[in-house]
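See below for the structure under consideration.
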Amino acid sequence: MPPQRFWLMKSEPETFGFDDLVRDGRTMWDGVRNYQARNLLRDEVGEGDRVLFYHSSADPPGVAGVAEVVRAAYPDPTQFDPEDPHHDPESGRADPRWVAVDLAPVQKLKRFVGLPELRANPRLKDLALLRRGNRLSVQPVTAAEFREVLKMGDKGPG
DNA sequence: GCCAACGTTGGC
DNA sequence: GCCAACGTTGGC
């Protein structure tokens, strides 16, 4: 078994938030249409990896919980569906362009860790999420960064 | 609603 | 291969 790795994945809570993941028990994390993110999903993200579930375009934005990758990359079915907003008419079933993974909830953080708080933590200064202009919907997180965010979410600020 | 940042597209 | 135009992301 490959070593467990750590990621941050974004979701818009108005569409699908961490509480929805807890309710459903499992979800297909789909709709990635960026090549850099696709390559990470396809080549690097593996079953058993741990995920910081980040609420983007949200009020407030931040990390809501921890998820686990329960199925590694497979063809994202939404790319073939003409009714789906993520439909890609140029992707064919013989050579699918986009992939999805499945996630399951591990734990909701005791306390939501908002973006300003992440920014304020010097231990997270290299977090990919905080780099200027970053828009990737899946990003690598180091084990130390992952632990740090969990720690922040386990108790009060400061 | 605004706008900065970034990716993609397409004319040349 | 360059680069302007355009679309999207996402915080504020």
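All of these numbers come straight from a predicted model, not from anything done at the bench. All chains are named by letter (A, B, ...) in the order of the sequence lines, taking the proteins before the strands, and each is independently numbered beginning at 1.
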Are A/R38 and B/dG7 close enough that a side-chain N or O sits under 4.0 Å from OP1 or OP2?
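Indeed not, no polar side-chain atom of A/R38 lies that close.
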Can you tell me if A/K10 touches the phosphate of C/dT9, counting only side-chain N or O atoms and a distance under 4.0 Å to OP1 or OP2?
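Checking C/dT9 against A/K10, no side-chain N or O comes under 4.0 Å of OP1 or OP2.
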Could you state the atom-to-atom distance from [atom1] of [X] to [atom2] of [N] in whole Å?
{"X": "A/N34", "N": "C/dG7", "atom1": "CG", "atom2": "P", "value": "18 Å"}
{"X": "A/L136", "N": "C/dG10", "atom1": "CG", "atom2": "P", "value": "9 Å"}
{"X": "A/E12", "N": "C/dG11", "atom1": "CD", "atom2": "C1'", "value": "12 Å"}
{"X": "A/L8", "N": "C/dG10", "atom1": "CG", "atom2": "P", "value": "11 Å"}
{"X": "A/Y35", "N": "C/dT9", "atom1": "OH", "atom2": "P", "value": "15 Å"}
{"X": "A/N134", "N": "B/dA4", "atom1": "CG", "atom2": "C1'", "value": "14 Å"}
{"X": "A/Q36", "N": "B/dT8", "atom1": "CD", "atom2": "P", "value": "9 Å"}
{"X": "A/W98", "N": "B/dG7", "atom1": "CH2", "atom2": "P", "value": "13 Å"}

I'd like to know if A/D88 and A/R33 make a salt bridge, using a cut-off of under 4.0 Å between side-chain N and carboxylate O.
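No, A/D88 and A/R33 are not salt-bridged.
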Salt-bridge criterion met for A/E47 and A/R71 (N-O under 4.0 Å):
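No, this pair does not count.
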Can we call the ring centroids of A/Y35 and A/W98 under 6.0 Å apart?
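Yes, the ring of A/Y35 comes within the 6.0 Å limit of the ring of A/W98, centre to centre.
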Nearest to side-chain heavy atoms of A/R135, which nucleotide of B/dT8, B/dG7, C/dC12
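Within the option list, the nearest is B/dG7.
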Would you mind telling me which of B/dG7, C/dG10, B/dA5 lies closest to the side-chain atoms of A/R132?
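Closest nucleotide among those given: B/dA5.
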A/F112-A/L124 co-clustered via ILVMFWY side chain contacts under 4.5 Å:
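Not linked; separate clusters.
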Using a 4.0 Å heavy-atom cut-off across all strands, classify A/R131 as base, sugar-phosphate, or nothing.
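If one applies the 4.0 Å heavy-atom cut-off, A/R131 turns out to touch nothing in the nucleic acid.
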